[in-house]
Number of protein chains: 2
Amino acid sequence: MKVNFKKQNRLKEFSKDKSKIGLKNSQKRTLIIEYFLHEDKHFSVEELYNEIKKISSEISYSTVYRTLKLLTTCGLADECNFDDGITRFEPVHKAQHHDHLICKRCGKIIEFKNNEIEKLQQDVAKKYKFSIKFHRLALYGLCSECKKKQRGN
Amino acid sequence: MKVNFKKQNRLKEFSKDKSKIGLKNSQKRTLIIEYFLHEDKHFSVEELYNEIKKISSEISYSTVYRTLKLLTTCGLADECNFDDGITRFEPVHKAQHHDHLICKRCGKIIEFKNNEIEKLQQDVAKKYKFSIKFHRLALYGLCSECKKKQRGN
DNA sequence: GTGAAAATGAAAGTCAATTTCAAAAAGCAA
DNA sequence: TTGCTTTTTGAAATTGACTTTCATTTTCAC
Ligand SMILES: [Mn+2]
Ligand SMILES: [Mn+2]
Ligand SMILES: [Zn+2]
Ligand SMILES: [Zn+2]
């Protein structure tokens, strides 16, 4: 595998994390983390496991699972739910919080950030004297490509 | 159980539904539907099952489950996911679509509708040439009452 | 190297959701 | 009402994603 070394700083960040107290440097975990951060996609455990198996047949589902959970604990990954019963993980990149458009036909995931929406959410919260800790906004439908294909049917 | 007969029109609506072709009029299903529509809450199968058991010990979890799924198919109920791994069902009432504030401490669910947010979602979709079929917006945090209690700790 | 502690993999366990299937209920027609 | 067919029901089994267990392997400080 080719590792994007621009992402290596993320690993260093991980190494410095307080959660790392008591952790050892395992080759397998490092490989999983590098691959995950480099690909920068929305991976289910299964998907990441299958991709990594291609480049290294020596890694188990359990290890991939535990590594993704660990990254989540350390704040380097986020769990996503897209209403299909599968938990996906995405790297937390510097480009902060964002929400998602999910194509129900091809599965494509588009990220977006809309500050006006975020602001209006706060207005809603204020109205109900509610403190928002986090939120989930997902827009489901058809991406542009799938719309074209649909018309062709 | 006291049935709110103002809601009976909903049942008639159900009876007319095309999906009802081939369905028989079962007393148990009717009881479940009446209770569900009358209470107008966000029920998990387990919760609805437990409440109905109190008034009629003769109904099984399976039947409650199947009835809620049937209502969903008929468009009289919606499934909700509030990030706790439990599917909840809510009646689809005339007061159309809405989104939710969910208190992570006491579980309270507040419904809200914000047309500006809905509008901005369409703007986002347009930007990506995406057709939104439906969306989910959930704001998680602390309700006003729980905020007070938290300070008291 | 040696030993303690952490990581790993395979298998087992968990739990909500879903399906199976034999028995009961509904409903139609004689 | 009775007989017959279809739908509904309940208990139990199954599914599937996720999570934990535990014996073995790896890491790493000494
Ligand atoms: Mn994302
Ligand atoms: Mn609601
Ligand atoms: Zn698509
Ligand atoms: Zn609360």
Side-chain angles (χ1 to χ4, degrees), chain A residues 11 14-15 17-36 42-50 52-53 55-74 77-90 107, chain B residues 11 14-15 17-36 42-74 77-90 107:
Chain A
L11 284 174
F14 171 75
S15 303
D17 192 284
K18 284 160 190 156
S19 309
K20 184 154 185 308
I21 291 169
L23 296 191
K24 291 184 173 173
N25 258 326
S26 96
Q27 295 185 342
K28 291 174 179 179
R29 185 159 57 199
T30 299
L31 174 62
I32 295 165
I33 293 174
E34 289 183 351
Y35 191 89
F36 174 68
H42 301 80
F43 278 112
S44 67
V45 175
E46 185 82 28
E47 287 164 351
L48 183 53
Y49 168 62
N50 285 327
I52 289 182
K53 244 197 327 196
I55 57 168
S56 165
S57 56
E58 295 299 314
I59 286 182
S60 73
Y61 178 97
S62 301
T63 300
V64 173
Y65 166 77
R66 279 184 291 229
T67 300
L68 288 174
K69 294 300 267 190
L70 179 62
L71 286 177
T72 303
T73 301
C74 296
D78 265 350
E79 294 190 17
C80 305
N81 263 151
F82 296 142
D83 267 50
D84 62 355
I86 310 284
T87 300
R88 277 162 233 275
F89 296 78
E90 63 176 338
Chain B
L11 283 174
F14 171 74
S15 303
D17 192 284
K18 284 161 191 158
S19 309
K20 185 156 184 306
I21 291 169
L23 296 190
K24 290 183 174 175
N25 260 322
S26 99
Q27 295 186 344
K28 291 176 178 178
R29 185 159 56 199
T30 300
L31 173 62
I32 295 166
I33 293 173
E34 288 183 350
Y35 191 90
F36 175 69
H42 300 80
F43 279 112
S44 67
V45 174
E46 185 81 29
E47 287 164 350
L48 184 53
Y49 168 64
N50 284 328
E51 290 201 17
I52 290 182
K53 246 196 326 196
K54 290 179 194 159
I55 58 171
S56 166
S57 56
E58 295 300 316
I59 286 181
S60 73
Y61 177 96
S62 301
T63 300
V64 174
Y65 166 76
R66 278 185 289 230
T67 300
L68 287 174
K69 292 301 266 189
L70 179 62
L71 285 176
T72 303
T73 301
C74 296
D78 265 349
E79 293 190 17
C80 306
N81 264 152
F82 295 143
D83 268 48
D84 62 353
I86 309 285
T87 299
R88 277 162 234 275
F89 296 78
E90 65 176 337

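Each chain gets a letter, A, B and so on, in the order its sequence line appears, and its residues count up from 1.
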Determine all donor-acceptor pairs shorter than 3.5 Å in which one atom belongs to a side chain in residues 62-71 of chain B; sequence neighbours excluded.
{"from": "B:T63", "atom 1": "OG1", "to": "B:S60", "atom 2": "OG", "distance (Å)": "3.2"}
{"from": "B:T67", "atom 1": "OG1", "to": "B:T63", "atom 2": "O", "distance (Å)": "2.7"}
{"from": "B:K69", "atom 1": "NZ", "to": "B:E79", "atom 2": "OE2", "distance (Å)": "2.8"}

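Two residues are said to be in side-chain contact when any heavy atoms from C-beta on lie closer than 4.5 Å; A:L48 and A:F89 fail this criterion. Here the side chains of A:N81 and B:N81 are not in contact, with every heavy-atom distance at 4.5 Å or above.
Terminal axes of the helix from C:dG1-D:dC30 to C:dA30-D:dT1 (five pairs each, C1' rotation axis) are separated by 20°, to the nearest 10°.
Within the structure, the salt bridge (Lys or Arg N to Asp or Glu O under 4.0 Å) test picks out the following pairs touching residues 43-54 of chain B (sequence neighbours left out): B:K41-B:E51, B:E47-B:R88.
One finds no side-chain N or O of A:Y65 lying less than 4.0 angstrom from the OP1 or OP2 phosphate oxygen of D:dC18.
If you take CG of B:L68 and C1' of C:dT19, they are 17 Å apart, rounded to a whole angstrom. Nucleotide C:dG9 holds its C1' atom 15 Å from the CD1 atom of A:I52, rounded to whole Å. Rounded to an integer number of Å, the gap from A:K69 NZ to C:dT8 P is 17 Å. Distance, A:E47 CD to D:dA17 P: 11 Å, rounded to whole Å. Atom C1' of nucleotide D:dT19 and atom CD of A:E46 are separated by 15 Å, given to the nearest angstrom.
When all heavy atoms of A:F36 and A:E90 are compared, the pair lying nearest together is CZ-C, 3.5 Å. The nearest pair of heavy atoms linking A:Y35 to A:F43 is CE2-CZ, 4.0 Å.
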ask   = How would nucleotides 2-15 of chain D be written as a contact map, 5' to 3', with B for base contact, S for sugar-phosphate-only contact and - for no contact, using protein heavy atoms under 4.0 Å?
value = ----BSSBBBB---
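Within residues 81-89 of chain B, the residues that have a heavy atom under 4.0 Å from DNA chain C are, in order of number, B:G85, B:I86, B:T87.
Listed by chain and residue number, nothing satisfies the side-chain hydrogen bond (donor to acceptor under 3.5 Å, both in side chains) test with A:N50 (two or more places apart in sequence, or in another chain).
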